Amino acid sequence: MAITGNSGIILTTVEEVLSWGRRNSLWPVSVGLACCAIEMMHTAASRFDTDRLGIIFRGSPRQSDVLIVAGTVVNKVAPMLKLIYEQMPDPKWVISMGGCASGGGPFPTYSTLQGVDRIIPVDVYIPGCPPTPQALLWGIMQLQKKIKEKQEGKQLKEIPIRIPTESKPISK
Amino acid sequence: MLWINLQKAESLRSAFPTLKIKEYKNATTVEIEKEKILDLLKYLKENSEYSFKMFIDFTVVDYPLHNPRFQAVYILYSPEYNERIIVKTWTDETLPSIVPLWKGAKWAEREAYDMFGIKFEGHENLVRMFLWETYPYYPLRKDFPKEGIKDTYLPSLNERDNIPSHDYDPYHTAIPTLEDLEITERKRIEKKNQIVLNWGPLHPGTHGTIWFLFDLEGETIKNCDIILGQLHRGIEKLAEDLTYTQIIPYTDRMDYISALCSNIAYVNAVEKLLGVEPTEKAKWIRTMMAELQRINSHLLWLGTTALDLGALTMFLYTFREREKLMDIIEGIAGIRLNSSYLRIGGVRYDLPEGAIDVIKHFVKDFPSRIKDYEDLLTKNRIWIKRNKDVGVVSKEDVYQYGLTGIMARSAGVPYDIRYIQPTDAYSEVDFEIPLGTVGDAYDRYLLRMEEMKQSVKIIQQCIKKLEELKDDKYLATENPYVLPTLQETYLSIEAMVKDFNLRIYGEKAPEGEIYLSGENPRGELGFYMVSKGEGRPYRLRIRSGAFYNLQIFPKLIKGRTVADAVALLGSIDPVVGETDR
């Protein structure tokens, strides 16, 4: 953005304005899965107060643009979580919060999805079990940075999305 | 202790001559053949000499080399004589359903069918409890691998140049399709009225990922069923592969709102099994931490339930206090939420300098905060209208469904594990157990508020005692089963060898069984453990209070509206991590 003199005129591009608006009003879907959801509630509540970053939790995926996957994604809930992701309008981002969502965490079992990136593409991974509210805020700021840098053209290394091939059983 | 004595058990032989009675150090079991199991359970329930009216738990243990293969385990409690009994039987495929005797067995039998594939004759609707209907395996059987059958190609959608980790496997266990889930849903409930409404699983009001099905006529709920398993992580299966100390972090993640209470219930059970006695100071620290956690848990309940009923202010207020408590717990245990603070034989760290002062300040300040909450809610017209006469629980329901915790006490049943089977320092502290009169949601609100006040009272006594015990040991490291502290490990070779052995081979527990429970904010959290003399438990069954408390939900909601479902669910206060495990 460029400010010209004291005349009150700001010169900018449409993309810049859009990106500025998007990154400062990230509205997540209020979906909580497990322990991390408690820390997500703490982040939204009185002490850490995400409202000051323009983050307001919405009840409907149609009104949101960030999906914070907070907690263990088990196989049974995976298709429903994917459905919620698909219902969100573009542009949309996904934050994978905590060890379980990022890679299965301490549950390498028959019923747990080993990383939410196997069903939906992820933008920011936050480590921790569960991550503290500070860590979640850090993750959100990373996402803001990512949106900003994408607009400025000096992209972080873009992660291409791969369409998975059809499933085939392992030969034993 | 809380178990039926041998003499009384022997007198059962007059009616059932084939009975096999076995007394362990911490459990008394009777075993009978499958054909007579229903008669025996009925006799135990209805004979006034025994009157085992209350259903505690039902589970199955798999012995692949034994014929018949599965051992069914029923745990019962007699409120009149304050005794427990374990009844066992063997089966290969089928068992008679005990739902006519105790309605609370309905879900437990579904779970046994889901996990072991045992069919129950006479069960009204035997479907899978946690997994979906088209899932082909029975995961808790011993021959099923812990990590499942990886037969689906499911790589990461974020393509990376390097492999994400050394054991990253692009093949994954099968994920259900939406059609699979629809079949699961159809099998649960039959549409008889206008519409079947889905509430959840990913809905902010369901306190996690519970999936409710309401069969609606207008706005009235005519029929209801609940699908669980949206957070079934297989902790019971995992535990069979871990040493007793390694399971402690998993107990945190079960009931994540009251992690310390779950730790305490589990560690106490293991200590009884191993015969370890924690130090005096550790007992008092545990009691204090459990009560801090109880306040923490009830605050979260108050905030979220009030939020569900439209009172956003309460949410912000209670979370302010919760942050203070979280800071105290972080200062003592090192982690905010899932603290894993306990160790077999004591606690992880000693109380840091100044911890007592901070807690003292909190305890002094907190009663005035409770008063604020009560001013806002207790006589609030909306709060009363939403909560009064919603979900009235009777004494008979408590015994039938195995309700524990606040649910039991709201119906006037004085069932509190802290009182009937005190562990740690609970036998030495002075506190009262509030009881309800009506048994509705409003009663449960009043009880939780009163319990917070009682917790403050207990904490005050603990502070007093801990100031006296300032220089005591916090970990009974002289015991062969207790891990040495880090400092000891670095300074002496014996401690290092002991540390190595315990971490690699685990605590070799003597052969036997134990059932021991603790009073969680959500009800009785019990651990039934079978040890074969190895460093790992042969079977760990978690008796979750929230699981049995939630089971009464369909009965209580029938004939009421959807708006009441929110208030009722709030007052039952389940945590999905614990119900699904």
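Given the structure is predicted, the values throughout are model-derived calculations rather than measurements. In the text below, chain A, chain B and the rest are named by the order of the sequence lines, each starting its count at 1.
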For this session: May I ask you to decide whether A:E86 forms a salt bridge with A:K92, counting only side-chain N to carboxylate O separations under 4.0 Å?
Result: no
Seminar exercise, completed: Bottom line for B:K237: the part with an atom under 4.5 Å from chain A's heavy atoms is side chain
Problem set entry | N-O pairing of B:D573 and B:R522 below 4.0 Å | yes
For this session: Measure distances from B:F315 to the heavy atoms of chain A and classify the residue's part below 4.5 Å as side chain, backbone, both or neither.
Result: side chain
Problem set entry | Contact class of A:A34 relative to chain B, heavy atoms under 4.5 angstrom | both
For this session: Return the option, out of B:R322, B:M326, B:E330, B:H203, with the maximum number of heavy-atom pairs under 4.5 Å with chain A.
Result: B:R322
Problem set entry | Pair A:Q144-A:R23, side-chain donor/acceptor within less than 3.5 Å | no
Problem set entry | B:D308-B:T305 side chain donor-acceptor pair, cut-off 3.5 Å | no
Exercise. Side chain to side chain donor-acceptor pair (under 3.5 Å) between B:E578 and B:N520: does it pass, once the steps are laid out?
Worked result: CA-CA 11 Å; B:E578 198 191 289; B:N520 237 28; 3.3 Å; yes
Exercise. Looking only at side chains, do A:N75 and B:T173 share a donor and an acceptor under 3.5 Å apart?
Worked result: yes
Problem set entry | Residues B:D241 and B:Q246: side-chain donor-acceptor under 3.5 angstrom | no
Exercise. Checking heavy atoms, do the side chain of B:R336, its backbone, both or neither come under 4.5 Å from chain A?
Worked result: side chain
Seminar exercise, completed: Okay, B:L181 and chain A: the region with an atom under 4.5 Å from a heavy atom over there is side chain
Problem set entry | Among A:I84, A:L113, A:V31, residue most engaged with chain B (heavy-atom pairs, under 4.5 Å) | A:L113
Seminar exercise, completed: Bottom line for B:I235: the part with an atom under 4.5 Å from chain A's heavy atoms is side chain
For this session: Measure distances from A:F48 to the heavy atoms of chain B and classify the residue's part below 4.5 Å as side chain, backbone, both or neither.
Result: side chain
Problem set entry | chain A contact via B:A259 - which portion, at a heavy-atom distance below 4.5 Å | neither
For this session: For the pair B:R581 and B:E236, find out whether any cationic side-chain nitrogen is under 4.0 Å from an anionic carboxylate oxygen.
Result: yes
Seminar exercise, completed: Scored by heavy-atom pairs under 4.5 Å with chain B, the best of A:V116, A:I119, A:L83, A:T132 is A:I119
Exercise. Which class fits the ring pair B:Y135 and B:F144: parallel under 30°, tilted 30 to 60°, perpendicular over 60°?
Worked result: perpendicular
Problem set entry | Region of B:T318 in contact with chain A, defined by heavy-atom distances below 4.5 Å | neither
Exercise. What residue, out of B:L202, B:D252, B:T177, B:L316, has the most heavy-atom pairs lying under 4.5 Å from chain A?
Worked result: B:L202
